[in-house]
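Shown next, in structure tokens, is the structure this report addresses.
Every chain is numbered from 1, with letters handed out A, B, ... down the list of sequences. Keep in mind the model is a prediction, meaning the values are calculated, not measured.
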Number of protein chains: 2
Amino acid sequence: MKTYQPRLLQEDLYSIPIDAFFKSAFSVDCVIFGYHEAELKVLLIQRGTEPFENYWALPGDLVYPNEDLDSAALRILNDLTSLTNIPIQQVKTFGKVDRHPLGRVITIAYLALVEPTDLAPHASSWASDTRWHPIDDIPQLAFDHREILEVSLEELRSRILHEDLWSKVLPAKFSLTQFQELFETILGKTFDKGNFRKKVVKFKFLQKLEEAQRGVSHRPSLLYSFDAKRYQEMKANGFSFEF
Amino acid sequence: MKTYQPRLLQEDLYSIPIDAFFKSAFSVDCVIFGYHEAELKVLLIQRGTEPFENYWALPGDLVYPNEDLDSAALRILNDLTSLTNIPIQQVKTFGKVDRHPLGRVITIAYLALVEPTDLAPHASSWASDTRWHPIDDIPQLAFDHREILEVSLEELRSRILHEDLWSKVLPAKFSLTQFQELFETILGKTFDKGNFRKKVVKFKFLQKLEEAQRGVSHRPSLLYSFDAKRYQEMKANGFSFEF
DNA sequence: AAAGCTTTTTGTATAATTTACAATTAGTGT
DNA sequence: ACACTAATTGTAAATTATACAAAAAGCTTT
């Protein structure tokens, strides 16, 4: 791999054949967070091939030269875990020279937050297993995936305040307690229940329904639904959560 | 370039030689914003070489296979504009298949905010010119650089609220009016002077000095300095601006 | 059926902050 | 001395945050 000077003299710059640059590859890695009942998990695969065979890893693979990055992320996620239609977004690119043993490979990390119970990931292609891991109990990971995961978790915490990453992980009708638990779990904080509610009921995008919880052995909570249109309007006006 | 199927059947996956993936390149592009006296500019170069010869463009170039991304960005910025020691940070990776006419090249965008008057960029290497352009008067740009610039400007606006991108563009001793102008210019809003001041004087990281402005034909303003240590402490505790 | 349990929901009093201005102040220029 | 400009301070009303306490609505147990 190390056939180029790290720094060339100026007069040499034009003498490098352009082909010399086209010897690299890039991959995508998907950080799929799952939230269900106040638990945050991340989807990992077990690698069935070298390098890092048998290690747990983020689902990811090399991108074809004629493939857009976003499509590649969805395609690879589907190849390895059979998941489809996951709303991913780019996080950051990791590019240390020696991060991949087979050559120069930089990787673009993507993240998503999903509801794991209505998905059924199963290993395919070269993945030998796929499993949800609690966010505070992660095994040793392949490559630099531990770092990628940590950066992505920070991004999740930040982005969930500024955009709608969360509405799909709640049931269509949810209680304010469920709403609060979601943010408490992901942000790793707790809030005063009465005050949290008072803050949140003023948000126009939480629609109070006529319906209430049933079959619980305590006072049933009223249910709310999410008005995505109102949320987008408010976001366009600069709204973001401040918890 | 288009020698691979966009989507392969699963049984074919293992049959692709690994070398087939190592035919791509990546570049970095630097979005260097300059702030001086309530004006926001961006540093562009004029390309002295194909493709897009004579077009204005963000300073950027291909990354060597043995070069880290961050170092490459600094090296390339120096090659093209002679600037050194610019505190850059990664923004986003742009990877459309056909964004570069010479082959598959994805680009990692970097941004910085600097004070243009204490820098002296001058064109070198294949750049034929380099110049600060006001942010609201940008010529046609090479490649997808217009999009990169727009995304980076949005990121600048967001990040300046959450981290110290700004302290180096103010003089060591500055007035609260200067402080306010900086945020007004970058965010594109205006604030009530009295209220803005009342908000920021409570920030522990703005140190009131004994000194005042001199030689102005009105009441001179008191000067402040920035306490970076205090700011980092507050940031660690979750502080961010809310204007 | 009454009492108890649990969690939701509402209330409340106080403190703190925001907002929209108006008034004052400290320089320079005439 | 007076006008001018921009900095600085002040202020009253409205709004929001905070720390709790009380009440309510179901189920469960006695």
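- For the pair A:Arg214 CZ and C:dT7 C1', the interatomic distance rounds to 18 Å; values are reported in whole Å.
- Where A:Gln213 and B:Ser217 each meet DNA chain C at their nearest nucleotide, the meeting point lying more 5' is that of A:Gln213.
- Atom pair A:Phe196:CZ and C:dG11:P shows a separation of 20 Å (rounding to whole Å applied).
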Going through the distances and angles, do A:Thr93 and B:Thr93 end up as a side-chain hydrogen bond (donor to acceptor under 3.5 Å, both in side chains)?
CA-CA 7 Å; A:Thr93 296; B:Thr93 296; 2.4 Å; yes
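- Listed nucleotides C:dT18, C:dA26, C:dG29 differ in distance to B:Lys199; the shortest reach to its side chain belongs to C:dT18.
- Both A:Lys202 and A:Val216 sit near DNA chain D, but only A:Lys202 has its closest nucleotide nearer the 5' end.
- A distance below 6.0 Å separates the ring centres of A:Phe203 and A:Phe239.
- Among the atoms of the strands shown, base atoms are found under 4.0 Å from some heavy atom of A:Arg197.
- Looking at the side chain of B:Lys198, the nearest of the listed nucleotides D:dT8, D:dA17, C:dA20 is C:dA20.
- Within 4.0 Å of A:Leu222, counting heavy atoms only, lie sugar-phosphate atoms of the nucleic acid but no base atom.
- Residues B:Ser175 and B:Asn195 each lie close to DNA chain D; by heavy-atom proximity, the contact nearer the 5' end of the strand is made by B:Ser175.
- The aromatic ring centres of B:His36 and B:Trp132 sit 6.0 Å or more apart.
- A:Phe179 has its CZ atom 14 Å from the P atom of C:dT9, to the nearest Å.
- Looking at heavy atoms from C-beta onward, B:Gln213 lies in side-chain contact with B:His218 at the 4.5 angstrom threshold.
- Side-chain N/O atoms of A:Asp29 and A:Thr107 include a donor and acceptor closer than 3.5 Å.
- Remark: P of C:dT7 and CD of A:Glu181 are 11 Å apart, rounded to the nearest angstrom.
- Taking atom CZ of B:Phe243 as the reference point, atom C1' of C:dT19 lies 16 Å away to the nearest angstrom.
- The nearest whole Å value for the distance from the CG atom in B:Leu223 to the P atom in C:dA26 is 16 Å.
- The nucleotide whose nearest atom lies closest to any side-chain atom of B:His218 is, among C:dA26, D:dA6, C:dT19, D:dA6.
- Across the protein-nucleic acid pair, A:Asp192 atom CG and C:dT7 atom C1' stand 14 Å apart, rounded to whole Å.
- Proximity note for A:Arg219 (side chain, C-beta onward) versus C:dG27, D:dA6, D:dA23: the nearest is D:dA23.
- Between the P atom of C:dA20 and the CZ atom of B:Phe191 lies a distance of 13 Å, rounded to the nearest Å.
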